[in-house]
Each structure stands twice: as C-alpha cells, then as structure tokens.
Colleague: 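Before I ask anything, let me first share the structure, which is written out below as structure tokens.
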Amino acid sequence: MADATTPLQTARTRALVQRLLDEAAPVRRLWTPTARLGLWLVVVATIAGAVMGLGLIGVRPDLRVKVGEPVYLLEIAALAVAGMLMAAGAFREAVPGYEVRWPIGRVALGFGLLAALLWFLEPVHGELAVTQFIATGIGCAWRTVALAALPLCALLVAIRRGAPLAPTRAGVLAGGAAFLIAALLMRVDCPLDERLHLLVWHALPVAGGTLLSAVIGLGWLRRWRSRAPR
Amino acid sequence: MECAQRGDREAYRALLTDIASPLLRFLRRRIADPHELEDVHQDTLMALHRARHTYDPSRPFEPWLFAIARHVAVDHFRHRMVHASHEVLVEELPEPAGEADPARPRLAEVLDRLPPAQREAFEMLQLEGLSVAAAAARVGITTGALKVRAHRAYKALRALLGG
C-alpha cells in the first residue's frame with residue numbers, strides 16, 4: 001500500500017483511472033443554482049398563469065380589500081419567501097460543496113412557520129358542521145396538491161441532474177418549495193379565512209407533500225452515483 | 001477540471017494524478033484499513049466522475065472535491081454498519097473442509113485464467129458480496145452487461161473446475 005503522500009498504485013486503481021479517462025467525454029455543465037432557480041420560477045409562473053387561464057383556480061372576490069390588510073400581505077410574503085428560499089436550497093443541494101454562509105433551510109422554515117402562525121391567529125367558525133367543513137375544505141387540499149405536482153416534478157428532475165449528497169434534505173427542500181408556492185396560490189384563490197380550514201386544508205397538504213417529497217428524495221435522488229456517465 | 005469537463009483526456013489525467021495525494025490524505029484520516037481505503041478511494045473517483053458536470057469553474061475546486069469524498073466515506077461507513085448488524089457470531093467455527101483434491105485446481109488459480117472483465121464481475125458479486133446494481137455502477141456498465149459477464153465467468157469456472 002502506498003505511503004501517506006503518494007497515490008494508490010494498485011492495478012485496480014490504475015484500471016479504474018484508465019476507464020474513467022476512456023469515458024472522459026465532454027459534459028454539459030450544470031447551470032448555477034441561481035440561474036436554475038430563475039428558470040424554475042419562470043416555469044412556476046407559467047404553470048400558475050396556465051391554471052388561472054384555464055379557470056382551475058381563480059382570484060378571491062375580496063382580494064382588493066385583502067391586499068390592504070398588512071397581516072394578509074405578511075402571510076403572502078412569508079409563503080413566497082419561504083418557497084423561494086427552499087427552492088434555492090434545493091438547487092444548492094444538487095451541487096457538492098456549495099456552501100452558503102447562512103442556514104437557508106432553517107430561515108425558509110422560519111418563514112413557513114410564520115405563515116402558519118398567522119393562520120393560527122385567524123378566527124374560528126365553530127358553528128360549521130363536520131360534513132360541511134370537509135366538503136368545503138377537501139377541494140382546497142386537492143387543488144394544493146394539483147398545483148404543487150408539476151413544480152415539484154420539475155424541481156426533483158432538476159436536482160437529479162446534479163449530484164445531491166443529502167438526497168432526503170434535497171427532497172424536503174423541493175417538496176417544501178413546491179407546496180409552499182402552491183399554498184400561496186391557494187391563498188389568492190380561497191376566500192375562507194378560518195383557522196381550522198387553513199390549518200387542516202392548506203397547511204396539512206404542505207406538510208404531507210414535503211414528507212412525501214423527502215421519501216422520494218431518499219429513494220430516487222440518491223441514485224446519481226449509479227447512473228450512466230453523461 | 002474545466003478542461004476535463006470539455007472532454008480533454010490529458011487534463012483529466014493530470015487532474016486525477018494531482019488530486020490523488022490530497023484525496024488519500026483526506027480519506028486516510030477517516031479510514032485506517034488499507035483495503036477499505038482503496039475501495040473508498042475508488043468509489044470517490046467514480047463519484048467525482050459522475051458528478052463532474054456539477055463543478056462550477058468560478059468556484060474553488062477543493063470544497064467540491066472533499067464534499068464528494070466525505071459523502072462517499074460516510075456512505076461507506078453506513079453500509080459497513082448495516083452489514084455488521086447482519087453478521088452473526090457463532091460459538092464454534094464450522095469444521096474446515098476436507099483435504100482438497102490435488103487433481104482439482106484451486107479457485108484462485110482458475111480465476112487467474114479468466115478474462116479480466118469476467119474475473120472482475122465474479123469477484124465483485126461472489127467475493128465482495130456486492131449487488132448486481134452496485135457492481136455495475138462500480139465498473140460503469142449496465143446491470144445487463146454485468147450479468148452477462150458474470151454468467152460467462154460461472155460457465156468458464158464450471159468448465160475449468162470440471163464441475
């Protein structure tokens with residue numbers, strides 16, 4: 001075996017190096033995380049425009065009044081910042097050693113929790129029957145999932161093109177980003193400002209989707225080491 | 001690395017030569033066993049090769065390289081822990097096999113007579129205990145191609161061992 005400063009010169013290592021050299025075809029370099037984030041946001045904006053154009057989601061009737069309320073604006077801003085920071089973190093996860101000076105994931109989580117806290121401060125309408133509560137809410141949950149699906153797929157595929165060293169974390173960040181942006185769009189669409197409705201039908205899909213994305217990340221994003229060379 | 005990304009073989013060779021020493025020093029601080037060290041070193045080179053398109057020339061190279069090396073080393077330890085948890089300690093060692101038939105060649109000698117690709121496939125699957133997917137990934141071929149190599153190796157070994 002080689003000493004501490006010289007390379008290993010076993011036949012196996014030499015053969016491996018030779019094979020790597022044989023496979024040294026030009027590769028298409030990954031765009032920077034910032035550029036990829038920008039492209040993803042364009043994709044998300046296009047999807048949002050398309051679903052609004054098709055009438056799958058709309059705009060709440062009282063939006064003009066709501067945009068004058070600081071709490072509503074803070075909630076929308078918190079969701080937007082949390083979603084974008086999580087997407088930025090997800091793209092950084094795809095590049096080994098791409099260190100940032102601040103904990104981007106935790107800051108994003110903080111903004112997400114701020115939005116949830118603001119939902120918690122909304123009034124409770126206890127007179128609503130359970131069947132009515134489910135009937136009015138289930139549509140919001142489904143639309144949140146539907147809105148998040150394509151951005152999440154785009155984000156996961158984009159991360160998979162890189163080399164995510166922490167696939168579960170990358171999955172969490174991707175899921176959080178896609179579902180927070182979907183929750184933001186749903187807050188522009190859904191006119192119900194009720195605590196239980198928001199926490200159950202708007203927040204739970206975000207939590208569940210993020211968890212599901214973590215599982216997808218664990219199973220799928222880690223396979224970059226065994227894929228064929230590009 | 002920038003030249004290697006463009007497909008420059010000589011630049012890539014120079015890079016792999018240059019990084020060998022610092023990479024080994026990095027891995028040696030984490031892995032004492034020389035055989036494990038060699039395995040992890042090779043896995044790191046493979047991972048570096050698979051991830052070379054992610055390197056951004058405007059950023060320093062070392063954090064990128066050592067992040068990959070650290071990941072491979074941690075992954076190696078994780079696999080070793082899983083394997084260790086499946087090992088079973090026995091109170092008595094099994095009886096050694098009876099005297100070998102002097103007329104039959106030893107496995108090591110027979111393996112030496114196999115073509116290198118077939119021998120490598122056999123060793124990875126039967127001696128190192130790798131899965132087909134892991135072995136295929138290590139040599140950079142498809143699982144189907146690895147199965148073909150292994151099948152040919154088994155067939156040749158049966159013929160050489162007179163089975």
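Here is the naming used below: chain letters follow the sequence lines, and residue numbers restart at 1 for every chain. Treat the numbers as computed from the prediction; the structure is a model and nothing was measured.
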Colleague: If you tally heavy-atom pairs under 4.5 Å against chain A, which of B:Asp8, B:Val74, B:Asp56, B:Val139 wins?
Modeller: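 Between B:Asp8, B:Val74, B:Asp56, B:Val139, the count favours B:Val139.
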
Colleague: Near A:Arg169 CZ, under 6.0 Å, is it more than 12 heavy atoms from other residues, nucleotides or ligands?
Modeller: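 Atom CZ in A:Arg169 is not packed in, count stays at 12 or less.
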
Colleague: By a 4.5 Å heavy-atom criterion (distance strictly below it), what part of B:Glu120 contacts chain A: side chain, backbone, both, or neither?
Modeller: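 Only the side chain of B:Glu120 comes within 4.5 Å of chain A.
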
Colleague: So how far is it from B:Arg50 CZ to A:Glu23 CD, rounded to the nearest 0.5 Å?
Modeller: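 Here the interatomic distance stands at 6.0 Å.
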
Colleague: What part of A:Arg29 gets within 4.5 angstrom of chain B, counting heavy atoms only: side chain, backbone, both, or neither?
Modeller: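 For A:Arg29, the contact with chain B is made by backbone and side chain together.
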
Colleague: Is it true that atom CZ of A:Phe120 has more than 12 heavy atoms of other residues, nucleotides or ligands lying nearer than 6.0 Å?
Modeller: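 No - once you tally the heavy atoms of other residues, nucleotides and ligands closer than 6.0 Å, there are 12 at most.
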
Colleague: Can you pull the ring pair (Phe, Tyr, Trp, His ring centres under 6.0 Å) pairs that have at least one residue in residues 13-32 of chain B, sequence neighbours excluded?
Modeller: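 Ring pair (Phe, Tyr, Trp, His ring centres under 6.0 Å) check on residues 13-32 of chain B returns B:Phe26-B:Phe66.
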
Colleague: At a heavy-atom separation under 4.5 Å, does B:Arg138 approach chain A through its side chain, its backbone, both, or neither?
Modeller: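 Contact with chain A involves both backbone and side-chain atoms of B:Arg138.
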
Colleague: Say you draw a straight line from OG1 of A:Thr13 to CG of B:Leu16; how long is it, rounded to the nearest 0.5 Å?
Modeller: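 Rounded to the nearest 0.5 Å, the OG1-CG separation comes to 11.5 Å.
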
Colleague: Determine whether more than 12 heavy atoms belonging to other residues, nucleotides or ligands lie under 6.0 Å from atom CZ of B:Arg152.
Modeller: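 Count not over threshold, so no.
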
Colleague: Determine the minimum heavy-atom distance between A:Pro26 and B:Arg6, stating which atoms define it.
Modeller: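 That closest heavy-atom pairing would be CG-O, 3.3 Å.
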
Colleague: Please determine, among B:Leu23, B:Ile68, B:Leu48, B:Leu65, the option with the most heavy-atom pairs under 4.5 Å with chain A.
Modeller: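 Option with the greatest count: B:Ile68.
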
Colleague: Considering only heavy atoms, which portion of A:Ala15 lies under 4.5 Å from any heavy atom of chain B: side chain, backbone, both, or neither?
Modeller: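 When you check distances to chain B, no heavy atom of A:Ala15 falls under 4.5 Å.
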
Colleague: Specify which of B:Ala67, B:Pro60, B:Ala136 makes the most heavy-atom pairs with chain A at under 4.5 Å.
Modeller: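 So the answer, after comparing B:Ala67, B:Pro60, B:Ala136, is B:Ala67.
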
Colleague: What are the two closest heavy atoms between A:Pro96 and B:Thr54, and how far apart are they?
Modeller: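 A:Pro96 and B:Thr54 have their closest heavy atoms at CD-OG1, 3.4 Å.
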
Colleague: Tell me, for B:Arg59 versus chain A, whether the close heavy atoms (under 4.5 Å) come from the side chain, the backbone, both or neither.
Modeller: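 Side chain only.
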
Colleague: Do the non-hydrogen side-chain atoms of B:Glu10 and A:Leu21 ever get within less than 4.5 Å of each other?
Modeller: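 B:Glu10 vs A:Leu21: side chains apart.
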
Colleague: Does atom CH2 of A:Trp31 have more than 12 heavy-atom neighbours, drawn from other residues, nucleotides or ligands, at distances under 6.0 Å?
Modeller: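 Incorrect, the count does not exceed 12.
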
Colleague: Could you tell me if the side chain of A:Leu20 sits less than 4.5 Å from the side chain of B:Met46, heavy atoms only?
Modeller: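 They are in contact (side-chain heavy atoms under 4.5 Å apart), so the answer is yes.
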
